[in-house]
Amino acid sequence: MRVLVVTAVPAERDAVVRGVRAAAAESADTPAAAEVSVPGGRTLHRVVRPPLTMDALAAGVGPAAAAAATATALTAAELGTAEPGTAELDAAGPGTARPGTARRDAARLDAAPYGLVVSAGIGGGFTPAPLGTVVVAEAIVAADLGAETPDGFAAVTDLGFGTVEHLPPPALVRAVAEAAGAVRGAVLTVSTVTGSAGRATELLRRHPRAAAEAMEGFGVAEAAAAHGMPVLEVRAISNTVGPRDRAAWRIGEALDALAGAFRDLPPALATWKGPST
C-alpha cells in the first residue's frame, strides 16, 4: 500500500522518515529511499519498505496550506505527474543525499494510487494526553470553523453549510493506537492556536472527547475526502493546550515520540485492507 504522510514543517517530516527507516533497520530490511518532486515546488521524501511505500510531505502551516499541498500530491499520483528527484537519501537519514542517484525502483511507484492519507506532527494536548504522549484521532474536527453569535460560537454546520468533522476508519484507529501505545480521541484543527485557559475550557466544553489541538488535520482530511481517500491523524504532544508557556514546551521530545510512533506503525498499516475492515 502507498501512504501519503502530510506534516506542517520539515522537522516533523524528517521525524516521520526517521521512524519508518528505524523500523526497517530493526527488521534487517534495507529500505529504498528517494526524493520525488511534485508540482508546486514541493518534494516527497519516500521510503519503500514492502509492502508499504510511505511518502512524507511538508505542506506548510495551517489547514489551507495542508489542504492545497495534499490535494496537489494526490492529483499528481493519480495523473502520474510526480517526477524522480535528483538525490537518493543516504542511510544516515533525511538531509544526507548523494546527488544524481535517485532510486529508480522507488520513483517507479509514482503511478500507483495512494491507499491512505495521514496527517502527522506535533501538537498541544488536553488532559487525556500529557507531554510526550502520542494521540491517534478518532475524529478530525474543525474547531473554529463557524461564526461568533450573541449566543456564542456556532459551527459552520449550524449555519447550514459544509462539514466540520471527518472520521478515520475505526478499525485502523484502534490498530494504530495499539501499535503506538497511543491515546485515542478527537484532534481539533484550529487556525489560531489556543493561548488562554478560557479558550481551552471552551473548546473542551464543545468537544469533550478532545485529546489534542493542531493546525493541519482538517485540511488534510478535506483533501483526502475529495479524492475518496481514507484519512488518519497522528500527533505527538509537545505542550499543554492553554496559556502559552514556551519554557514548558517539549518540541524535541515530541519529535522523538513522533518518530517512535512511525517506527511502530508500519505493521499495523501493512495489515489494513481498507475502510471496510
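If you read the sequence from its start, that first residue is 1, and numbering goes on from there.
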Validation row: Val16, Val47 side chains within 4.5 angstrom (heavy atoms): no
With no hydrogens and no angle check, is any side-chain donor or acceptor of Asp158 less than 3.5 Å from a backbone partner on Ala155? yes
Do Val164 and Leu188 belong to the same hydrophobic cluster, where Ile, Leu, Val, Met, Phe, Trp and Tyr are linked whenever their side-chain heavy atoms lie under 4.5 Å apart, directly or via other members? no
Compare all side-chain heavy atoms of Leu203 with those of Thr194 and state whether any distance is below 4.5 angstrom. yes
Do the side chain of Glu178 and the main chain of Ala175 share a donor and acceptor less than 3.5 angstrom apart? no
Using side chain to side chain contact (heavy atoms under 4.5 Å, CB included), reason through Val134 and Val234 one step at a time and then give a plain yes or no. CA-CA 7 Å; Val134 174; Val234 178; 3.8 Å; yes
May I ask you to decide whether Arg235 forms a salt bridge with Glu216, counting only side-chain N to carboxylate O separations under 4.0 Å? yes
So, Arg199 and Asp144, do they make that salt bridge, N to O below 4.0 Å? yes
Are Val20 and Met1 co-members of a hydrophobic cluster defined by side-chain heavy atoms under 4.5 Å apart? yes
Determine whether a donor-acceptor pair (N or O, by modelled atom type, separation under 3.5 Å) exists between the side chain of Glu78 and the backbone of Pro113. no
Any salt bridge between Asp55 and Arg13, counting N to O under 4.0 Å? no
Could you pull out the closest heavy-atom pair between Pro266 and Arg263, with the gap in Å? CD-O, 3.5 Å
In chain order, what residues pass the side-chain contact (heavy atoms from CB on, under 4.5 Å) check against Glu253, with sequence neighbours excluded? Arg250
Is it true that Leu258 and Leu265 fall in one hydrophobic cluster, defined by side-chain heavy atoms closer than 4.5 Å? yes
Compare every heavy atom of Gly60 with every heavy atom of Ala65, then report the nearest pair and how far apart it is. CB-C, 4.0 Å
Do the side chains of Ile140 and Val231 get nearer than 4.5 Å, heavy atoms only? yes
How close do Ala211 and Val135 get, counting heavy atoms only, and between which atoms? CB-CG1, 3.9 Å
Nearest heavy-atom pair of Ala137 and Val173: which atoms, and what distance? O-CG2, 3.4 Å
For the atom pair CG (Leu116) and CE (Met229), what is the distance rounded to the nearest 0.5 Å? 9.0 Å
Shortest non-hydrogen pair, Asp264 vs Ala179, comes out as CB-O, 3.4 Å
Under the criterion side-chain contact (heavy atoms from CB on, under 4.5 Å), which of Val220, Val6, Val187 is the partner of Glu233? Val187
Phe161 side chain near Leu145 side chain, heavy-atom distance below 4.5 Å: no
Side-chain contact, heavy-atom cut-off 4.5 Å: Val136 with Arg174? no
Would you name the heavy atoms of Val141 and Ala186 that are closest together and state the gap between them? CG2-CB, 4.4 Å
Does Val193 belong to the same Ile/Leu/Val/Met/Phe/Trp/Tyr cluster as Val9, with side-chain heavy atoms less than 4.5 Å apart forming each link? yes
Between Thr133 (side chain) and Pro130 (backbone), is there a donor-acceptor pair under 3.5 Å? yes
Hey, could you give me the CE/CZ distance between Met54 and Arg46, rounded to the nearest 0.5 Å? 12.0 Å
Taking C-beta and beyond as the side chain, do Leu269 and Val176 meet within less than 4.5 Å on heavy atoms? yes
Going only through I, L, V, M, F, W and Y residues with side-chain contacts under 4.5 Å, is there a path from Met215 to Leu232? no
Please tell me if the side chains of Ile122 and Ile237 come closer than 4.5 Å, counting only heavy atoms from C-beta onward. no
Note: Glu202-Arg205 ion pair, threshold 4.0 Å (strictly below): yes
Min side-chain heavy-atom separation Thr70-Leu57 under 4.5 Å: no
All ring-ring contact (aromatic ring centres under 6.0 Å, His included) counterparts of His166, not counting sequence neighbours: Phe218
When you look at Val3 and Thr53, which way does the side chain to side chain contact (heavy atoms under 4.5 Å, CB included) test go after all the steps? CA-CA 6 Å; Val3 179; Thr53 295; over 6 Å; no
Once rounded to the nearest 0.5 Å, what's the spacing between atom CD of Glu12 and atom CG of Leu255? 6.5 Å
Taking side-chain contact (heavy atoms from CB on, under 4.5 Å) as the criterion, tell me which of Val241, Thr240, Asn239 meets it with Glu213. Val241
Arg42 side chain to Ala69 backbone, donor-acceptor under 3.5 Å: no
Is the CZ atom of Phe153 crowded by more than 12 outside heavy atoms at less than 6.0 Å? yes
I need the Arg21 CZ to Phe262 CZ distance, nearest 0.5 Å. 15.5 Å
